[in-house]
Amino acid sequence: MQHHDSPVLSADSVAPEEIAHFSDLATRWWDPAGPMRPLHAMNDLRTGWAMRHLPAPQVDDGARRTLLDIGCGAGLASEAFARAGFDVTGLDASQAAITAARLHMRHHPLPRSAGPLSYRCGSAEELVAEGARFDAISALEVIEHVTDPDAFLRMLGSMLRPGGAMVVSTMNRTWRSMAMAKIGAEYVLRLLPVGTHDWRKFITPAEMGQYAAHAGLRITDIAGMVPGLGGWRESRDTAVNYIVAMVRD
């Protein structure tokens with residue numbers, strides 16, 4: 001696999017058909033029983049796990065650490081990170097999703113104890129070009145939708161300050177994920193709209209490890225995420241959904 005020393009900035013990382021698909025869903029994003037209900041169901045698990053692996057939201061003098069929530073959609077995770085105390089930037093390539101995120105925050109204001117939360121429509125390439133740096137980055141259910149996951153992770157890694165941490169959740173490319181996440185969730189159970197996922201773009205933990213190394217990041221933990229009757233829970237089973245923590249030393 002070719003290894004570039006710097007992120008590839010020429011082409012935007014998000015596929016246009018992916019942006020259009022999620023724009024259509026944005027208005028229904030915050031409905032727990034709507035097309036994004038699997039994300040609602042797993043949100044507490046993935047954001048809770050992330051916060052155990054990211055730097056503390058505030059430093060000793062009370063200053064807030066900065067967090068980039070990339071591919072934030074309508075802000076499900078962004079709001080959770082802001083409530084925890086981070087200074088959050090939610091970035092998404094879909095203007096409709098960002099509009100939905102801003103509207104939700106206007107109608108459901110965050111508590112005064114929350115950190116600042118700002119939304120931006122755009123690409124990671126734009127942030128890199130501006131020299132943006134963050135203490136923490138979350139990329140939840142995003143990397144399987146980009147055109148080049150290796151370049152994408154290098155790009156995110158370049159925005160992480162030394163000592164910073166990043167959490168990435170995605171889907172493993174196994175026969176079980178094909179059966180459960182693609183065929184089962186989209187076609188049989190109708191948990192997700194048909195076309196939400198392209199199984200060929202799912203990423204194995206071994207591939208994720210290679211991408212992290214190329215980005216100059218060290219993986220510190222990995223966990224499976226499995227649904228159950230009592231909600232989603234952490235598991236050693238990474239065959240379908242999993243979440244990874246990585247740091248820049």
Side-chain angles (χ1 to χ4, degrees), residues 1-23 26 39 46-47 50 54-55 65-78 81-82 86-102 116-171 198 201-203 207-208 210-217 219 243-248:
M1 184 179 293
Q2 190 176 12
H3 178 201
H4 301 275
D5 290 321
S6 60
V8 178
L9 297 177
S10 55
D12 277 355
S13 54
V14 187
E17 64 272 16
E18 299 277 7
I19 298 169
H21 177 73
F22 286 106
S23 294
L39 287 186
R46 61 186 193 162
T47 55
L54 295 174
R65 286 197 167 98
T66 55
L67 182 146
L68 170 65
D69 184 25
I70 190 156
C72 65
L76 282 184
S78 298
F81 290 128
F86 285 102
D87 177 350
V88 180
T89 299
L91 179 78
D92 202 279
S94 164
Q95 183 60 63
I98 291 297
T99 300
R102 288 175 178 153
L117 169 55
S118 62
Y119 289 110
R120 172 172 172 168
C121 180
S123 66
E125 287 86 351
E126 292 165 3
L127 290 180
V128 171
E130 292 166 15
R133 294 289 181 274
F134 299 90
D135 301 309
I137 297 176
S138 62
L140 306 178
E141 272 65 50
V142 176
I143 197 167
E144 70 271 22
H145 297 290
V146 304
T147 48
D148 183 344
D150 195 13
F152 179 70
L153 207 57
R154 288 200 308 279
M155 197 158 43
L156 296 187
S158 74
M159 290 191 282
L160 200 59
R161 291 196 177 106
M166 175 160 50
V167 170
V168 180
S169 62
T170 190
M171 308 186 81
D198 179 349
K201 293 169 88 170
F202 290 1
I203 295 162
E207 288 166 343
M208 186 72 76
Q210 289 180 327
Y211 302 157
H214 295 168
L217 303 171
I219 290 182
I243 188 164
V244 181
M246 46 190 87
V247 298
R248 176 173 291 290

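As a basis for the values below, the full set of heavy atoms in this structure was taken, side chains included, without hydrogen atoms, waters or symmetry mates.
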- I143/M208 under side chain to side chain contact (heavy atoms under 4.5 Å, CB included): CA gap, chis, key distance, verdict: CA-CA 10 Å; I143 197 167; M208 186 72 76; 4.2 Å; yes
- Please name all residues satisfying side chain to side chain contact (heavy atoms under 4.5 Å, CB included) with R248, sequence neighbours left out, ordered by chain then number. L160, L217
- Query: Do T66 and D87 have side-chain N/O donor and acceptor atoms under 3.5 Å apart?
  - Reply: no
- Note on the structure: Residues A165 and V247: closest non-hydrogen pair is CB-CG1, 3.9 Å
- With a 4.5 Å limit on heavy-atom distance, are the side chains of M246 and V168 in contact? yes
- Do S123 and V128 come within less than 4.5 Å of each other through their side chains, counting heavy atoms only? no
- Which residues pass the side-chain hydrogen bond (donor to acceptor under 3.5 Å, both in side chains) test with R133, sequence neighbours left out? none
- Might you work through the side chain to side chain contact (heavy atoms under 4.5 Å, CB included) test for F86 and D69, ending with a clear yes or no? CA-CA 11 Å; F86 285 102; D69 184 25; over 6 Å; no
- Task: Could you check R46 against L39 for side chain to side chain contact (heavy atoms under 4.5 Å, CB included), going step by step and ending with a plain yes or no?
- Result: CA-CA 9 Å; R46 61 186 193 162; L39 287 186; 3.6 Å; yes
- Item | P149 versus I203, closest heavy-atom pair with distance | CB-CD1, 3.8 Å
- Message: Contact between E207 and D150 at the side-chain level, heavy atoms closer than 4.5 Å - yes or no?
- Response: no
- Can you name the nearest heavy-atom pair linking L67 to S138, along with the distance? CD2-OG, 3.9 Å
- Query: With a 4.5 Å limit on heavy-atom distance, are the side chains of R65 and L54 in contact?
  - Reply: no
- Query: Looking only at heavy atoms, what is the nearest atom pair of C72 and G90, with distance?
  - Reply: SG-C, 3.5 Å
- Message: Working to the nearest 0.5 angstrom, can you tell me the gap between Y211 OH and D148 CG?
- Response: 7.5 Å
- Task: Kindly give the heavy-atom pair with the smallest separation between P55 and A136, and that separation in Å.
- Result: CD-CB, 4.1 Å
- Note on the structure: For E144, the side-chain hydrogen bond (donor to acceptor under 3.5 Å, both in side chains) test, sequence neighbours excluded, returns T170
- Note on the structure: For A100, the side chain to side chain contact (heavy atoms under 4.5 Å, CB included) test, sequence neighbours excluded, returns A26, A74
- Note on the structure: Applying side-chain hydrogen bond (donor to acceptor under 3.5 Å, both in side chains) to T89 and not counting sequence neighbours gives none
- Item | Side chain D92, main chain G73, donor-acceptor under 3.5 Å | yes
- NE2 on H145 to NZ on K201, rounded to 0.5 Å: 8.0 Å
- d(I219 CD1, M166 CE) to nearest 0.5 Å is 9.5 Å
- Message: Check whether R102 reaches the backbone of Y119 with its side chain - one donor and one acceptor, N or O, closer than 3.5 Å.
- Response: yes
- Message: My understanding is that only residues two or more places apart in sequence, or in another chain, count here; which of them pass side-chain hydrogen bond (donor to acceptor under 3.5 Å, both in side chains) with T99?
- Response: Q95
- Message: Working to the nearest 0.5 angstrom, can you tell me the gap between F152 CZ and I70 CD1?
- Response: 4.0 Å
- Could you tell me whether R120 and E130 have a side-chain N and a carboxylate O separated by less than 4.0 Å? yes
- Message: Tell me the closest heavy-atom pair linking A82 and L117, and the distance in Å.
- Response: CB-CB, 4.0 Å
